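Some notes on the structure that comes next.
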Amino acid sequence: MNVTIIGTGYVGLTTGVTLAYLGHQVICLDVDKEKIEKLHQGISPIYEPGLEHLMELSKDQLIFTADYEKAVLEADVIFLAVGTPPNEDGSPNLTYLNSAFEACVKYIMLGNRKVLLVNKSTVPVGTAESFHQRLVFMGLQSIVAIASNPEFLRQGRAMHDTLYPDRIVVGGDESSIKLLRELYTSIIKQSFEEPAEIPRSVSLKEVPFIAVDRSSAELGKYAANAFLAMKISFINEMSTVCDKVGADVNNVAKIIGADPRIAPQFLQAGIGYGGSCFPKDTRALHHIAKTNGYSFKLMSAVIEVNNRQKYVIISKLRESFETLKGRKIAVLGLTFKPETDDLRDAPSIPIVKALLDEGAEVSVHDPVGLEKALALMPAGIDYSNSIEEVVSNADAVAVLTEWEQYKRLNWITVSALMRNKVLVDGRNALDAENLREIGFEYYGIGRYSSYNKKQVHKVAKLGAKEITMGQG
Ligand code: NAD
Ligand code: UGA
């Protein structure tokens with residue numbers, strides 16, 4: 001089929017490249033001419049493992065352009081995959097989507113050819129219906145059909161998740177569903193040849209194709225993200241309870257995750273969820289419920305817990321230092337998760353800001369996120385590509401993203417370079433026992449350390465009192 005993708009971000013580019021790899025003729029359009037220029041050179045404007053490789057394999061099926069006319073005139077299916085960032089009040093900003101829709105409609109009218117317009121961006125319930133109503137108003141409903149096809153890929157795993165998704169969800173009328181089922185046949189049947197760099201799991205035989213009405217597809221996307229975010233906030237609250245009672249949250253997660261009704265995924269305690277989606281989509285769902293007259297209490301709690309969780313790093317550091325003023329804190333990892341260069345809504349941003357507010361000197365490292373960090377991080381911090389430089393003379397290290405590189409670091413060398421050997425592991429990603437053996441004062445999230453420290457204080461206080469009493 002002739003497929004056009006509007007928006008070459010994490011979702012659009014991945015979808016376009018995958019569909020081209022599967023044999024469709026794909027045009028990817030973006031209004032950002034710099035991105036299109038890079039794509040013409042075979043360079044991906046985003047960091048996503050395996051993407052450039054698949055781009056190269058599919059180059060004969062792929063065109064990149066900034067010209068709407070060229071992109072839309074011959075298309076059978078057009079995907080809208082532009083950003084829907086949050087407004088101040090949490091509602092999604094649909095400016096980019098509306099403008100992409102209008103531009104497509106303009107050239108569809110010119111081409112006067114039947115086309116299916118599919119929304120892949122995450123949008124409030126009723127968006128597809130409102131597009132449909134606009135088409136009816138313009139008398140175009142017989143040539144343009146509207147469908148919803150929400151995306152469930154994870155950044156850092158985008159190519160894998162697009163080739164081997166857990167499910168494909170489509171909302172629309174019968175003929176739109178039929179066309180999309182056809183478009184995705186080789187993914188549903190897993191009949192394509194797996195790319196060497198992105199192997200298929202042996203157990204994957206067929207991908208569920210879930211065909212529903214447009215509103216359920218739209219709401220289902222928010223529900224999926226909100227549920228995963230809820231699991232994270234739950235385990236993060238448990239980590240605080242663990243710190244208070246002297247239990248290990250990793251063990252608690254293991255115990256509950258062994259129950260298939262709970263499942264082990266998304267029970268990793270840490271500094272809270274970030275990224276361009278969970279924070280935005282939890283707020284959007286809360287907002288959607290509110291504007292429809294319902295106060296979604298569970299969602300507000302999930303959001304509140306996540307906002308608070310980021311500052312756990314500061315309280316852990318305060319357990320070692322009375323004040324952070326003048327202390328050098330080395331931050332390892334800035335992106336919202338590993339294997340991406342994305343810092344949108346990354347917990348590292350408010351954490352670094354809080355450290356600066358406390359008067360700390362902050363130096364930062366990230367394997368791929370430094371360029372994007374420059375635009376998003378507060379002023380007054382030191383950036384370096386060298387971990388040695390960042391940790392030199394540091395009073396404490398805070399690991400904020402669990403990059404493999406940090407897990408495999410020679411921590412003996414790191415400790416030798418530091419002024420004080422305090423380590424806060426914001427992702428519970430490191431080997432606590434080994435680090436303590438090296439001589440680090442190690443703090444995880446909900447992993448005994450804070451509790452033990454309080455016990456030591458209690459005993460010390462008790463001892464001091466006994467001496468005083470004895471002397472009296
Ligand atoms: P992104 O910001 O990475 O990319 C969006 C692209 O759209 C940008 O390149 C931008 O230049 C382009 N664009 C903006 N306005 C345009 C217009 N009028 N015409 C053409 N191009 C335009 O966004 P993303 O992360 O790919 O997310 C896109 C949508 O998919 C969002 O609604 C998001 O919530 C949803 N989503 C994202 C992910 C993810 O992991 N990033 C996963 C699932 C769903
Ligand atoms: C998430 C969903 O997993 C995707 O299914 C969805 O398509 C996407 O949002 C979206 O709508 O954009 P993504 O944001 O790329 O994907 O990354 P996740 O792996 O879900 O992680 C999100 C955040 O949660 C990260 O900051 C991560 O560190 C944090 N997290 C994740 C935890 O703190 N604990 C966990 O156990 C898992």
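First listed ligand is number 1; within each ligand, the first listed atom is number 1. These values consider heavy atoms only, across backbone and side chains, with no hydrogens, waters or symmetry-generated copies. From a predicted model like this one, the values you see are computed outputs, not experimental measurements.
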May I ask which of [options] has a heavy atom nearer to [atom] than the others do?
| atom | options | answer |
| --- | --- | --- |
| atom 19 (O) of ligand 2 | Glu151, Gln155, Lys337, Arg157 | Lys337 |
| atom 34 (N) of ligand 2 | Lys221, Gln268, Gln309 | Gln268 |
| atom 3 (O) of ligand 2 | Arg344, Glu402, Arg154 | Arg154 |

Compute the centroid of each ring, for Tyr383 and then for His365, and state whether the two points are separated by less than 6.0 Å.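 Tyr383 vs His365: aromatic centres not under 6.0 Å.
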Checking [Y] against [X]: is there a side-chain donor and acceptor pair closer than 3.5 Å?
| X | Y | answer |
| --- | --- | --- |
| Thr65 | Asp67 | no |
| Asp425 | Tyr443 | no |
| Gln155 | Asp342 | yes |
| Arg427 | Gln268 | no |
| Tyr273 | Asn236 | no |
| Trp411 | Asp431 | no |

Distance from Asp30 atom CG to Ile36 atom CD1, nearest 0.5 Å?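 Output value for this atom pair is 5.0 Å.
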Distance (rounded to the nearest 0.5 Å) between Glu151 CD and Thr14 OG1: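 Interatomic distance, Glu151 CD to Thr14 OG1, rounded to 0.5 Å: 7.5 Å.
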Is ligand 2 under 4.0 Å from a heavy atom in the side chain of Leu267, in the backbone, in both, or in neither?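 Contact part for Leu267 vs ligand 2: backbone (N, CA, C, O).
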Relative to ligand 2, is Leu153 under 4.0 angstrom through side chain, backbone, both or neither, heavy atoms considered?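 The part of Leu153 near ligand 2 is the backbone, not the side chain.
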What residue and atom, counting heavy atoms only, is the protein's closest point to [atom], and at what distance?
| atom | answer |
| --- | --- |
| atom 37 (C) of ligand 2 | Phe266 CD2, 3.4 Å |
| atom 1 (C) of ligand 2 | Phe278 CE1, 3.4 Å |
| atom 30 (N) of ligand 2 | Ile232 CD1, 3.4 Å |

Quick one: which of Ile256, Ile262, Val305 gives a side-chain contact (heavy atoms from CB on, under 4.5 Å) with Phe234?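 Running side-chain contact (heavy atoms from CB on, under 4.5 Å) over Ile256, Ile262, Val305 with Phe234 returns exactly one hit, Ile256.
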N or O contact, [X] vs ligand 2, cut-off under 3.5 Å:
| X | result |
| --- | --- |
| Arg427 | yes |
| Phe336 | yes |
| Phe152 | yes |
| Tyr273 | no |
| Gly274 | yes |

Cys277 touching ligand 2 at heavy-atom level, < 4.0 angstrom: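 Contact check Cys277 vs ligand 2: positive.
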Could you check whether the rings of Phe131 and Phe101 sit parallel, tilted or perpendicular, using 30° and 60° as the cut-offs?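 Parallel, since the angle between the ring planes stays under 30°.
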Taking only heavy atoms of the protein into account, state which residues are under 4.0 angstrom from an atom of ligand 1, in chain and number order.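 For ligand 1, the contacting residues are Ile6, Gly7, Gly9, Tyr10, Val11, Leu29, Asp30, Val31, Asp32, Lys35, Tyr68, Ala81, Val82, Gly83, Thr84, Tyr96, Ser99, Ala100, Ser121, Thr122, Glu151, Leu153, Gln155, Lys221, Ser276, Cys277, Lys280, Arg344.
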Counting from 1, what ligand 2 atoms have a heavy atom of Asn225 closer than 4.0 Å?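 Checking each atom against Asn225, I get 2 (C), 6 (C), 9 (O), 10 (C), 11 (O).
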Ionic contact status for Lys407 with Glu402, cut-off 4.0 Å: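 Salt bridge flag = no for Lys407 with Glu402.
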Less than 4.0 angstrom from a charged side-chain N to a carboxylate O is my criterion; do Glu206 and Lys189 meet it?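 Counted as a salt bridge, because a side-chain N and a carboxylate O are separated by less than 4.0 Å.
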